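What follows is a short report on a single structure.
Counting begins at 1 with the first residue of the sequence. Keep in mind it's a predicted model, so treat the numbers as computed, not measured. We count ligands from 1, going down the list as the structure has it; atoms in each ligand are counted the same way.
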Amino acid sequence: MRVDILTLFPEMFESPLGHSILKRARDNGLVDIVLTNIRDFAKDTFRKVDDKPYGGGPGMVMMPGPLFDCFEHVQNLSPEKGRTILMTPQGQKFDQKKALELGAEKRLILIAGRYEGLDERIRIGLGAEQISIGDYVLSGGELAAMVIIDAIVRLLPDALGDEDSAKDDSFSAGLLEYPQYTRPEVFRNMKVPDILLSGDHAKIAEWRRQQALERTKKWRPDLLNENDKNEKDKG
Ligand code: ADE
């Protein structure tokens, strides 16, 4: 899979893309992540990419010219057209289902905007899908793009050491994850549940499912309603 990122701050991506699972996935060729600086497509000697809003008001707005030129350049870097996504708090909310869906694409082109906003002609002209990572406003789309990439890449086959790890993640079955324990058996008077030491794999699996269900009911009942709704939609 190839992911292109259009940003004014490519350096922001260095650390998250250079460690752990993302680094390994890149090193192993599971994902090719290509950063392009929108500012390289500015037309004047000051490398200007933003300007004051027409009609007045605070802040600066990203100009359409450099972004369009950057996008057209990036799109031609590979024959695969790709699915173009604009990071914006106005977008559709990102979730695990969306991560799976996007992970099946051959190519994604993520656009991380900055400043108070983007000239509306960028949204209209590029015909890009809009995605938000939550109902809050970030200073730019970079962190949102990183969140999306991380969530997608760890789901790619072979991205995680143990094939089963992603399958048991919170949300993969529409439930939160069951509780996990490792050594020591007793820590500060808190003991690992006996069932996990029993060696009875069927009982352990059932206990984990129950725990996942209980935790979801207690902490995220909205997820259960969401699952019920999906079941009903399926008929
Ligand atoms: N850019 C600024 N805030 C954002 C958000 N919540 N999601 C995606 N992109 C953003």
Task: Minimum-distance protein heavy atom relative to atom 8 (C) of ligand 1 - done: Ala144 CB, 3.4 Å
Open item on the list: Only heavy atoms of Gly134, strictly under 4.0 Å: list the atoms of ligand 1 that pass.
Closed with: 6 (N)
Task: Arg2 side chain to Lys106 backbone, donor-acceptor under 3.5 Å - done: no
- [ ] Please write down residue, atom name and distance for the protein heavy atom closest to atom 6 (N) of ligand 1.
- [x] Tyr136 O, 2.8 Å
Task: Pair Arg215 + Glu177: basic N to acidic O under 4.0 Å - done: no
Task: Shortest protein contact, atom 4 (C) of ligand 1 (heavy atom only) - done: Pro89 CD, 3.6 Å
- [ ] With atom 7 (N) of ligand 1 as the reference point, say which of Ile133, Leu138, Asp135, Ile148 has the nearest heavy atom.
- [x] Ile133
- [ ] Answer yes or no: does atom NZ of Lys43 have more than 12 heavy-atom neighbours from other residues, nucleotides or ligands under 6.0 Å?
- [x] yes
Task: Ser139 near ligand 1 by a heavy-atom separation under 4.0 Å - done: no
Open item on the list: Strictly below 4.0 Å, N to O, side chains only: are Glu120 and Arg123 in salt-bridge contact?
Closed with: yes
Task: ligand 1-proximal atoms of Ile131, by part, heavy-atom distance under 4.0 Å - done: backbone
- [ ] Answer yes when Glu214 and Lys217 have at least one side-chain N-carboxylate O distance shorter than 4.0 Å, and no when they do not.
- [x] no
Open item on the list: With a 6.0 Å cut-off (strictly less than), is the heavy-atom count around NZ of Lys48, excluding the residue itself, greater than 12?
Closed with: yes
TODO: Considering heavy atoms of the protein only, find what lies nearest to atom 9 (N) of ligand 1 and give residue, atom and distance to 0.1 Å.
DONE: Thr88 N, 3.2 Å
